[in-house]
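All values reported here derive from a predicted model rather than from experimental measurement. In what follows, chains carry the letters A, B, and so on, assigned in the order in which the sequence lines appear, proteins first and then strands, with residues in each chain numbered from 1.
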2 protein chains.
Amino acid sequence: MSQTVDRALSILPLLAQGPADLGQVADRLGVHKSTALRLLRTLHEHGLVHRQQDQRYRLGARLFALAQEAVENLDIREIAHPHLAALNEQTGHTVHLAVYEESEVLYIDKVESRYPVRMYSRIGKPVAITVAAVAKLLLADLPEPERRAVAAKLDYPMYTPRSTPNAAAFLTELATVREQGWATDLGGHEESINCVGAPVRGADGRVVAAMSVSAPNVVVTAEELLTLLPLVRRTADAISRDYSGKDPA
Amino acid sequence: MSQTVDRALSILPLLAQGPADLGQVADRLGVHKSTALRLLRTLHEHGLVHRQQDQRYRLGARLFALAQEAVENLDIREIAHPHLAALNEQTGHTVHLAVYEESEVLYIDKVESRYPVRMYSRIGKPVAITVAAVAKLLLADLPEPERRAVAAKLDYPMYTPRSTPNAAAFLTELATVREQGWATDLGGHEESINCVGAPVRGADGRVVAAMSVSAPNVVVTAEELLTLLPLVRRTADAISRDYSGKDPA
DNA sequence: AACGGGTGTTGCGTATGTTGCAACACCGCA
DNA sequence: TGCGGTGTTGCAACATACGCAACACCCGTT
């Protein structure tokens, strides 16, 4: 592992917390000012860091451009998108696509509801991992030891009374999801919002992504939303087939 | 400038184009495989790079998290947000906030329209710089030489027949915007969408951000949208006042 | 089974690049 | 004018990142 690069990259999370001047960066890195300066300059050349009028440094625009390109070039996303759009067309509800990576789950695509009430989420934003249907689907497929390890490390915020309270409950829930091949979130993140989701599988049968349909209580009840389950599963299976060239059954 | 860091960071745009394996990365960097491996490992440790099942590398999730935090910690954004929300409340239309940085303009906040027809844009996405109202406002405030330099370097895609066709036309438009203190985009990006925007100024009078209201033809005509101009300008001035503590007049 | 081409990985000596220092330049303030 | 606080530069000493070469591994082939 390269020391220089390691130090340079450590600057990024540091600046993510807010702008800082040269001295602060040097201190928090534990290096001499001149060293910090050279690292910052290099980061600056690549646009990852920006210098504002008051001389302080903050994260730069290239970071957004990179994140943007990264998400747009994911092949699952490209393959899945038309299916998601079709599902949105049929149901009118918000449709999400998410992937798991390094203990995080994040949305990589979203087709918005036709109804005026929409849920708050953003592409690239980490998902509420302990409650979201897509998160359950992705974690349920991890090998058992990793699943336990991740579950143990997580926080279990009580967004609502129906949120998953702790690791034990979460693991039980994951076992159920793994068994049945689909997942729900019934008011576990926001009181009035329900979701139904299904997994997308690669050629080897492993879950590579998960999709869900979300709708608020005021539009459809949880029971009504659950009637969409077969449709959601068919869509997920269709994506799996397109992605892997194999039938997921 | 640090060579090691420079090389490591050069990997990111390379991977933004799509996944690549070790050999490809080494080749395109012009270094030995072992060197590339060490750099990739360091990037991996920081989560900027992810290794997929087929061993190839692609950009990692931490990138999104960083971009996310960065945009959320911008102080202009925090100060402006309530004003944007209020404007959305009054008009019902989509409201955007954007900043300029290193030859790019990007959205840093957005409050969505109440109407079902919405325009396509995303926080963190670079703006169509030659036509968007917010882009004109931000570029119009640059010192003249820089403005000319940027205008000369840009592409001028003809999204619609009303798009800005070339640098000369763009500079003329910028002069007008600079003069009048507000800007529009009437169908220059998407045929059916119009925008009106106004600048947010810092204590020194320089433009630090720009905001706009957008609406499709089917909801309000361009003329009707223009009647909102005084309201938009008042909102922008209110943000300027909050941000700088000074009256922008 | 043995082979070959294609990967990714490791250990190591060398020289290159990085480090921290000390001195300087700059700015605002008293 | 002097003084703390910045950010910046040049340089010599050293640590570190470099590329090499050899190895390990996984395929499909003969």
Side-chain angles (χ1 to χ4, degrees), chain A residues 1-12 14-15 17-60 75 101-102 143 202-206 244-246, chain B residues 1-12 14-15 17-60 75 101-102 143 202-206 244-246:
Chain A
M1 200 189 52
S2 161
Q3 182 190 72
T4 317
V5 177
D6 185 44
R7 286 173 169 173
L9 297 182
S10 303
I11 293 177
L12 299 178
L14 194 154
L15 290 184
Q17 324 211 87
D21 63 30
L22 180 61
Q24 294 170 330
V25 172
D27 281 355
R28 302 191 55 180
L29 272 187
V31 300
H32 195 267
K33 281 190 305 173
S34 59
T35 306
L37 180 65
R38 216 148 15 81
L39 299 177
L40 281 166
R41 275 228 247 271
T42 312
L43 289 168
H44 183 87
E45 293 241 327
H46 287 259
L48 297 185
V49 143
H50 179 71
R51 196 151 198 200
Q52 38 191 28
Q53 297 88 324
D54 61 355
Q55 305 256 73
R56 293 190 305 165
Y57 295 91
R58 59 174 180 75
L59 295 180
D75 45 356
E101 184 184 321
E102 320 263 343
D204 54 0
R206 299 243 2 225
S244 65
K246 275 175 67 174
Chain B
M1 200 188 54
S2 160
Q3 182 190 73
T4 317
V5 178
D6 185 44
R7 285 173 169 172
L9 297 183
S10 302
I11 293 177
L12 299 178
L14 195 155
L15 290 183
Q17 324 209 90
D21 64 30
L22 180 62
Q24 294 170 331
V25 171
D27 281 354
R28 301 190 55 179
L29 272 189
V31 299
H32 195 267
K33 281 191 304 175
S34 59
T35 306
L37 180 66
R38 218 147 11 80
L39 299 177
L40 281 165
R41 274 229 246 272
T42 313
L43 289 167
H44 182 87
E45 293 242 327
H46 287 259
L48 298 185
V49 143
H50 179 69
R51 195 151 198 200
Q52 38 189 29
Q53 299 87 324
D54 62 354
Q55 304 256 75
R56 293 189 305 163
Y57 295 92
R58 60 173 179 75
L59 295 180
D75 44 357
E101 184 183 321
E102 319 264 340
D204 55 359
R206 298 244 3 223
S244 65
K246 275 174 69 173

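Checked by atom type and distance alone, the side chain of A:His50 never pairs as donor or acceptor with a backbone atom of A:Leu59 at under 3.5 Å. Between the side chain of A:Thr35 and the backbone N or O of A:Val31 there is no donor-acceptor pair closer than 3.5 Å.
Between the CD atom of B:Gln24 and the CZ atom of B:Arg28 there is a distance of 8.0 Å, given to the nearest 0.5 Å. Going from atom OG of B:Ser2 over to atom CD of A:Glu45 covers 11.0 Å, rounded to the nearest 0.5 Å.
Contact annotation for B:Arg56: no contact, since no heavy-atom pair falls under 4.0 Å across all strands. Residue contacts shown for B:Ser34 include a base, since a base heavy atom lies under 4.0 Å away.
Note: CG (A:Asp21) to P (C:dC27) measures 17 Å, nearest angstrom. For the pair B:His32 NE2 and C:dT7 C1', the computed distance is 14 Å after rounding to whole Å. B:Leu39 has its CG atom 13 Å from the C1' atom of C:dG17, to the nearest Å.
Remark on DNA chain C: of its neighbouring residues A:Lys33 and A:Gly30, the 5'-side contact belongs to A:Gly30, judged by nearest-heavy-atom nucleotide. Taking the nucleotide of DNA chain D with the nearest heavy atom to each of A:Ser2 and A:Gln55, the more 5' of the two is matched to A:Gln55.
The shortest distance between the side-chain N/O atoms of B:Thr4 and the OP1/OP2 oxygens of C:dT18 is below 4.0 Å.
With a 4.5 Å cut-off on side-chain heavy atoms, A:Leu48 and B:Leu12 count as touching. Counting heavy atoms from C-beta outward, A:Arg58 and B:Glu101 have side chains that approach closer than 4.5 Å.
For DNA chain D, the contact window with chain B, defined by any atom under 4.0 Å from a protein heavy atom, covers D:dA17 to D:dA21 in 5' to 3' order.
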